[in-house]
Amino acid sequence: MTKTQGGVRGWFAARKGVWSRLRFTSLRLRLVVVFGLVALTAAVSASGIAYWLNREAVLTRTQDAVLRDFEQEMQTRAGLLPETPTQDELQHTAGQMANSSQRFSVLLVADNADGRPAYGSSGGLDGFTLADVPASLRKAVNEKQPVNSTNKSEYHLYWQRIVEDDQPYLIAGTRVNGGGPTGYMLKSLDQEAKDLNSLAWSLGIATGLALIGSALLAQAAATTVLKPVQRLGVAARRLGEGKLDTRLRVSGTDELADLSRTFNNAAEALEKRVADMAGRDEASRRFVADMSHELRTPLTAITAVTEVLEEELEAETGSMDPMIEPAVRLVVSETRRLNDLVENLMEVTRFDAGTARLVLDNVDVADQITACIDARAWLDAVDLDAERGIMARLDPRRLDVILANLIGNALKHGGSPVRVAIREADDSVVIEVRDHGPGIPEDVLPHVFDRFYKASASRPRSEGSGLGLSIALENAHIHGGEITAANSPEGGAVFTLRLPRDASKLTEQDGNENDGQAAGDTKKGDA
């Protein structure tokens, strides 16, 4: 039973492979079909014309020979009969006429001495009879024509082709001029029909061979024409996959060679453009990273000073001059904001450079959310709807960054209370953060995760840097997850975070893919 099932599966797989190749080479198939139709039309037309010409030639040649012999026999033999011959004389003469070189049947009709019609047939009483002669032919044979300058004879020879019992015959008749019997001739054309059938079979075989030859020729032409096109398709796919060093071999001076040269020039220009853009992008990332790194040293000192100033502000000694207190508070706030901006910029450069890595651990998602809210003193403003025991293998620090950005964004721009809910879905954990504010404008929704994007252009100096949601999205992506933003029908905005239960599987898969890409990138060759 297993062998039978395997054979059936193999048969279906083979058929599927054939059909896939036909679909893949549809242009080749159309080219072969067009060549075949053209060759078939030409071969059928030529064969039909050849058959018709040969048929007419064969039948005309046979017909002329038979009619000429019959007419001669009527003049030399039937013309010697008396004006009122007996049946025996008619029978004897018909037999003699039938023994000519053309071997046809003869029927002679005349009036005897009693005025009654007498018949003589070369085949005896059961042979060729007057009933076998069409009435139209009998009428034409016995019709007397007036003799004049253009017509020298009263009676003429008439003939007709008939089919009896699927057999072709030539039948003719004439009457002896100047008085004499009427003669009819019947000649079988069976041999000529067989010859014509053989000719038709030969022409049919020639047509089939021409069709096969045209298919082979079309296949060869398709291979010659379409192979460069297939190479171009493969090269285009490789170029689309990012293998910008792909080039085509160029040979010849035809249009396909020009197309290959154009492709190579376009690929070279694209490779150069991408290399330039990558260089500028790398320089930009390096600049941001270096700038952020260089800012950290003075920021550390400034932060220490602002912490001392903040302690003085919070002290009840009153040592701070009331005139400079607002300025000090502004310095403390802006320093904290600048410090957050630098940290966010460094995090962004890690993602852009591809150096961000996960440090995975088994965490209880509800406990992680509770810890995030508690660390930022948001317990009074956030409602948590989560059951403990939902475990996932994630990076706790990056999950905390995601949650802090989503919940913090809801508290700043939405309306309290902010509700955080957790649910399980297949192999994923879904976390929803919903506020009760006015929601997100429809024109803003597509851009909420863009870097440095702020919904209100009239508020350029908001507390946020415009990087929080984009960093949250990058942290979700590195886990293999996703964040979506929408407006709830009941009012307010809803951010939905979906993370896999085990991010280590994705990490291993990405590592294998990167290894494969690295190995593939080292192979440079022509398509």
Side-chain angles (χ1 to χ4, degrees), residues 242 277-278 280-293 295-296 337-361 363 365 368-369 372 375-376 392-413 420 428-433 440 444-455 462-486 493-511 513-514 517:
M277 293 177 62
R280 288 195 295 268
D281 189 50
E282 178 64 25
S284 300
R285 287 199 301 266
R286 190 181 303 111
F287 171 76
V288 173
D290 293 343
M291 181 188 67
S292 301
H293 182 73
L295 286 175
R296 293 190 72 178
R337 179 172 176 269
L338 180 60
N339 192 51
D340 292 339
L341 176 60
V342 171
E343 292 296 331
N344 287 338
L345 285 174
M346 295 190 68
E347 185 72 6
V348 167
T349 56
R350 293 190 192 98
F351 283 117
D352 291 343
T355 59
R357 294 291 181 266
L358 294 176
V359 180
L360 300 176
D361 192 9
V363 298
V365 180
Q368 189 72 21
I369 297 176
C372 175
R376 293 161 180 82
R393 185 166 179 78
L394 305 168
D395 187 329
R397 185 186 70 82
R398 296 189 182 279
L399 178 59
D400 182 77
V401 171
I402 298 173
L403 295 172
N405 278 293
L406 293 180
I407 298 174
N409 181 77
L411 291 172
K412 289 178 185 178
H413 305 291
V420 181
S428 303
V429 176
V430 179
I431 302 173
E432 290 183 353
V433 179
I440 305 174
V444 176
L445 271 176
H447 306 286
V448 292
F449 295 104
D450 294 350
R451 294 176 182 178
F452 299 106
Y453 182 80
K454 296 182 180 181
S462 64
E463 294 183 4
S465 61
L467 291 173
L469 290 179
S470 65
I471 290 175
L473 182 62
E474 294 289 350
N475 279 293
H477 285 169
I478 199 174
H479 279 89
E482 186 61 57
I483 304 177
T484 58
V494 179
F495 286 83
T496 304
L497 169 65
R498 183 182 295 270
L499 296 174
R501 297 289 292 268
D502 189 357
S504 61
K505 296 180 180 179
L506 178 69
T507 304
E508 294 174 358
Q509 181 179 355
D510 290 343
E513 291 179 355
N514 292 333
Q517 291 176 357

TODO: Please name all residues satisfying salt bridge (charged side-chain N to carboxylate O under 4.0 Å, His left out) with Arg397, sequence neighbours left out, ordered by chain then number.
DONE: none

Task: Gap separating the CD1 atom of Ile483 from the CD atom of Glu474, nearest 0.5 angstrom - done: 10.0 Å

TODO: Going by the side chain to side chain contact (heavy atoms under 4.5 Å, CB included) test, name the single residue among Asp400, Ile431, Val433, Leu399 that passes it with Ile369.
DONE: Ile431

Task: Shortest non-hydrogen separation from Ala485 to Val448 and the atoms involved - done: CB-CG2, 3.9 Å

Task: Least distance between heavy atoms, Ser470 atom then Phe449 atom - done: CB-O, 3.3 Å

Task: From CD (Gln368) to CG (Leu403), nearest 0.5 Å - done: 7.0 Å

Task: Shortest non-hydrogen separation from Leu499 to Gly481 and the atoms involved - done: CD2-CA, 4.1 Å

Task: Rounded distance (nearest 0.5 Å) linking atom CG of Leu469 with atom CG of Asn409 - done: 4.5 Å

TODO: Using a 4.5 Å cut-off on heavy atoms from C-beta on, say whether the side chain of His477 contacts that of Glu482.
DONE: yes

Open item on the list: Quick one, Phe495 and Asn405 - any side-chain contact, counting heavy atoms below 4.5 Å?
Closed with: no

Open item on the list: Just to verify, what does Arg498 make a salt bridge (charged side-chain N to carboxylate O under 4.0 Å, His left out) with, not counting sequence neighbours?
Closed with: none

Task: Shortest non-hydrogen contact from Val365 toward Ala392 - done: CG2-CB, 4.1 Å

Open item on the list: Suppose we screen for side chain to side chain contact (heavy atoms under 4.5 Å, CB included). Which residues come up paired with Ala404, at least two apart in sequence or across chains?
Closed with: Cys372, Arg376

Open item on the list: Nearest 0.5 angstrom please: Leu497 CG to Leu473 CG, how far?
Closed with: 10.0 Å

Open item on the list: To the closest 0.5 Å, what do you measure between NE2 (His479) and CG (Asn475)?
Closed with: 7.0 Å

